[in-house]
Amino acid sequence: MDDVDLDGRRLRTRRSREAMSRAAFDLLTERGFGAVGVEDIAERAGVTRRTFSRHFCSIEEAVLGDVDQDVHLFNDALSRRPLAEAPLAAFHGAVHDWLAAEYDLTRPSRLTRRWELFRRIESEPALFAGYQRIRAEGQRESVRIIAARLGVDTGGDLRPAAAVAAGSGMLLAASQAWASGPDPTALPRLVDRFFATLGGLVTDIQYEEFVP
């Protein structure tokens, strides 16, 4: 199989997953989480139940399909950042790259859908648990990417884990503020504000060894 065929297959797979995720979320919004079945999602997306099961293990996973895709796209962006960048700067730059590609302000319907999804995550325990799992898996991959950029081992050097924890914390805080606010287009601005705030806090910290 040549590269063109492979790229075409990947694009079709992504579009199929996105269609099923959209259908799952739309049905969740219309009926409530407990009233949505796999057959309903497959029918709405125009696929078979077997196709659904090839891509997702549960309804929760389907609803969170866009979030899972976002994590992979973010880590792809992180792996492409210039090697000369410091770890936290690379993380922030990767957030910018990912948001510019996936949260384009010229596609307001896409932004609104993601915004509504994040609002739902906070109120649905099953979605919240799935979201936390996706975040944890994504952060582990981010740590590996930062460690490879630095040429260090994650077990002996704390910088990759520290940079990812700080960057992920700012992204999470921005996402929560975004979901609780009235503006679906505010996420990129909130991300910059939180990272700028973190920079100010770091310069103010006096590090001293803790002695119990």
Separation of [Y] [atom2] from [X] [atom1] (nearest 0.5 Å):
X: L201; Y: F194; atom1: CG; atom2: CZ; result: 11.0 Å
X: L127; Y: Q132; atom1: CG; atom2: CD; result: 12.0 Å
X: L64; Y: F25; atom1: CG; atom2: CZ; result: 10.5 Å
X: F33; Y: L28; atom1: CZ; atom2: CG; result: 6.5 Å
X: H55; Y: T13; atom1: NE2; atom2: OG1; result: 5.5 Å
X: I134; Y: D68; atom1: CD1; atom2: CG; result: 4.5 Å

Hey, could you give me each pair passing salt bridge (charged side-chain N to carboxylate O under 4.0 Å, His left out) that has a residue in residues 49-58? Not counting sequence neighbours.
E39-R49
Can you tell me which residue pairs pass the salt bridge (charged side-chain N to carboxylate O under 4.0 Å, His left out) test with a partner in residues 157-167, sequence neighbours excluded?
D157-R159
When you measure from the side chain of [X] to the backbone of [Y], do you find a donor-acceptor pair of N or O atoms at a distance under 3.5 Å?
X: S79; Y: D76; answer: yes
X: S175; Y: L171; answer: yes
X: R135; Y: V71; answer: no
X: W178; Y: P184; answer: yes
X: N75; Y: G138; answer: yes

hydrophobic_cluster_shared for V202 and F195, side chain cutoff 4.5 Å
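In one cluster: yes.
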Is it true that V164 and L158 fall in one hydrophobic cluster, defined by side-chain heavy atoms closer than 4.5 Å?
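Shared cluster, no.
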State whether [X] and [Y] are salt-bridged, where the test is any N-O pair (Lys NZ or Arg NE/NH1/NH2 against Asp/Glu carboxylate O) under 4.0 Å.
X: R15; Y: E18; value: no
X: D97; Y: R80; value: no
X: R14; Y: E102; value: yes
X: R22; Y: D66; value: no

If every non-hydrogen atom of [X] is compared with every non-hydrogen atom of [Y], which pair is closest and at what distance?
X: L150; Y: P87; result: CD1-CG, 3.9 Å
X: W98; Y: D70; result: NE1-OD1, 3.4 Å
X: F52; Y: S58; result: CZ-O, 3.8 Å
X: P160; Y: V152; result: CG-CG2, 3.9 Å
X: A166; Y: L88; result: CB-CD1, 4.2 Å
X: A62; Y: A24; result: CB-CB, 4.0 Å

Worked verdict on L78 versus I146 for side-chain contact (heavy atoms from CB on, under 4.5 Å):
CA-CA 8 Å; L78 180 60; I146 294 290; 4.0 Å; yes
If you draw a 6.0 Å radius around CD in Q139, do more than 12 non-hydrogen atoms from other residues or ligands fall strictly inside?
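For Q139, atom CD is crowded (more than 12 foreign heavy atoms under 6.0 Å).
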Atom CZ of residue position R113 - does it have more than 12 heavy atoms of other residues, nucleotides or ligands inside 6.0 Å?
yes
Between R149 and E85, is the side-chain contact (heavy atoms from CB on, under 4.5 Å) condition met? List the steps.
CA-CA 9 Å; R149 288 168 55 87; E85 287 183 327; 3.8 Å; yes
Taking C-beta and beyond as the side chain, do R114 and V67 meet within less than 4.5 Å on heavy atoms?
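A side-chain contact is absent here, since even the closest heavy-atom pair is not under 4.5 Å.
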Close side-chain approach of D40 and R31, heavy atoms under 4.5 Å
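Contact flag for D40/R31 side chains = yes.
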Evaluate side-chain contact (heavy atoms from CB on, under 4.5 Å) for R81 paired with H96, printing each intermediate quantity in order.
CA-CA 11 Å; R81 294 301 302 175; H96 261 292; over 6 Å; no
Show me the pairs that pass side chain to side chain donor-acceptor pair (under 3.5 Å) and involve residues 118-130, at least two apart or across chains.
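Listed once each, the pairs would be none.
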Using the rule given for side-chain contact (heavy atoms from CB on, under 4.5 Å), can you reason through M170 versus F91, listing the C-alpha separation, both sets of side-chain angles and the distance that settles it, and then say yes or no?
CA-CA 10 Å; M170 294 305 96; F91 194 102; over 6 Å; no
